[in-house]
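Computed from heavy atoms alone, side chains included, the values below leave out hydrogens, waters and symmetry copies. One-based numbering, in listed order, for ligands and for the atoms of each.
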Amino acid sequence: MAVQRIFLTGATGFVGSWLLPRLATGPGVEVVCPTRGAEPTAAPMGARFVQADLERPDTYAAQLEGASCVVHAAARTGKARASEFERANAVATGELVERAKAAGVARFLFVSTIAVRYPDKRAYAYARSKETAEEIVRASDLAYTIVRPTVILGGRSPLADSLGKLARAPVLPVFGDGRARVQPVHVRDVAEYVAALVHAGRFVRETIDLGGPDVLTLEDLLRRMRVAARGSEGPVLHLPVRLPIAVLSKVEEPILGLLPFTAGQLSAFVNDGLCAEEPPEIDGVRPRTGVDEMVADWVGGLG
Ligand SMILES: NC(=O)c1ccc[n+]([C@@H]2O[C@H](COP(=O)([O-])OP(=O)(O)OC[C@H]3O[C@@H](n4cnc5c(N)ncnc54)[C@H](OP(=O)(O)O)[C@@H]3O)[C@@H](O)[C@H]2O)c1
């Protein structure tokens with residue numbers, strides 16, 4: 001039997017660990033997963049982890065041979081210097097595109113972020129690096145799909161952890177007026193949607209914003225998390241946001257480890273993170289999980 005090979009980056013990460021079992025669906029599929037770390041203990045059948053660093057293309061190039069598509073979900077996330085975001089997210093994506101082409105892999109799915117839509121990304125090096133990566137993918141002659149998830153919650157969401165720290169504080173701190181809107185999407189829905197695109201072979205040079213069914217303000221989300229965790233709303237304290245963003249963006253790089261938030265991460269408090277259009281349904285699949293379930297997932301994981 002001919003085996004379909006998928007090259008999946010980021011399989012050890014938050015999103016990738018939900019995506020991998022939905023791509024490794026049976027004996028006819030092999031999913032090759034480059035990682036710099038250890039192979040996860042509970043990898044599904046059909047997954048093959050290889051030691052590789054996307055910033056060193058020679059470590060993975062041979063593994064692209066014979067692949068039917070690349071699913072590129074790896075990224076530098078969280079706190080890092082602008083140069084590190086640029087190298088890991090933009091430069092490494094460019095290398096991956098070139099190596100995929102050289103190996104004859106014509107289909108490329110890139111997991112980007114809704115933050116690319118933020119009108120002002122000057123303080124958000126991560127968003128700029130993902131935007132550059134999108135441009136590289138779009139300028140290639142590959143058959144691509146770019147998926148831009150909004151805030152991903154559910155499971156052990158790192159973002160829910162960070163927001164949860166605010167939500168559980170004795171006084172709820174809200175940066176700015178709290179009116180920036182979010183459209184959270186469950187990690188299971190993201191994984192199912194990306195897998196549906198791959199299984200449907202939908203690589204038609206399109207960009208899809210991927211959000212859940214509910215739109216609410218960031219303050220409302222924090223309040224809901226707070227009520228779920230503490231049982232009541234309690235006091236809210238609005239804090240300045242534009243000045244901290246301006247100051248942090250100039251001084252933060254040497255002290256990133258000491259900061260609770262970076263200028264870029266604070267950008268979510270001043271920019272809407274919404275889909276421009278609803279994602280098209282792919283073989284009956286589109287995000288349907290509401291915010292209540294995502295908040296319940298987060299509270300359930302608190303222990
Ligand atoms: N989480 C969200 O709310 C969210 C929202 C919108 C978009 N996204 C996007 O969704 C994707 C997945 O995000 P995530 O939250 O799952 O990230 P994550 O948990 O931080 O995982 C990052 C993954 O990238 C891999 N990686 C990073 N640098 C690498 C390198 N040089 N070589 C090989 N692998 C490397 C890591 O693998 P190893 O450490 O094993 O090497 C890990 O598997 C990213 O593209 C991100 O931009 C995330």
Assess Asn89 for proximity to ligand 1: is some non-hydrogen atom of it under 4.0 Å away? no
Structural part of Ala73 in contact with ligand 1, heavy atom criterion under 4.0 angstrom: backbone
I need the atoms of ligand 1 closer than 4.0 Å to a non-hydrogen atom of Asp53, numbered in the order shown. 30 (C), 31 (N), 32 (N)
Could you establish whether Ala115 and ligand 1 come within less than 4.0 Å of each other, counting only heavy atoms on the residue side? no
Can you check whether Val151 has an N/O within less than 3.5 Å of an N/O in ligand 1? no
Measure the CE-OG1 distance between Met294 and Thr289 for me, rounded to the nearest 0.5 Å. 6.0 Å
What's the shortest distance from atom 21 (O) of ligand 1 to any protein heavy atom, and which residue and atom give it? Gly13 CA, 3.3 Å
Heavy-atom proximity to atom 19 (O) of ligand 1, picking from Phe49, Phe110, Phe14, points to Phe14
Take every heavy atom of Val111, measure it against each atom of ligand 1, and state whether any distance is under 4.0 Å. yes
For Arg205, I'd like to know if atom CZ has over 12 heavy atoms of other residues, nucleotides or ligands within 6.0 Å. yes
Who passes salt bridge (charged side-chain N to carboxylate O under 4.0 Å, His left out) against Glu206, sequence neighbours left out? Arg202
Atom 48 (C) of ligand 1 - nearest protein heavy atom and its distance: Ile152 CD1, 3.8 Å
Looking at ligand 1, is there an atom of it that comes within less than 4.0 Å of some heavy atom belonging to Pro149? yes
Any idea which part of Arg148 is under 4.0 Å from ligand 1, heavy-atom wise: side chain, backbone, both or neither? neither
Is there a heavy atom of Tyr126 sitting under 4.0 angstrom from any atom of ligand 1? yes
Atom indices of ligand 1 within 4.0 angstrom of Ser112 heavy atoms, with elements: 7 (C), 8 (N), 9 (C)
Mark up the atoms of ligand 1 that fall under 4.0 Å of a heavy atom belonging to Thr35, in ascending order. 38 (P), 40 (O), 41 (O)
May I ask you to check whether Pro34 has an N/O atom sitting below 3.5 Å from an N/O atom of ligand 1? no
Relative to the heavy atoms of Thr150, which atoms of ligand 1 are at a distance of less than 4.0 Å? 5 (C), 6 (C)
What class does the angle between the rings of Phe108 and His72 fall in, given that below 30° is parallel, 30 to 60° is tilted and above 60° is perpendicular? perpendicular
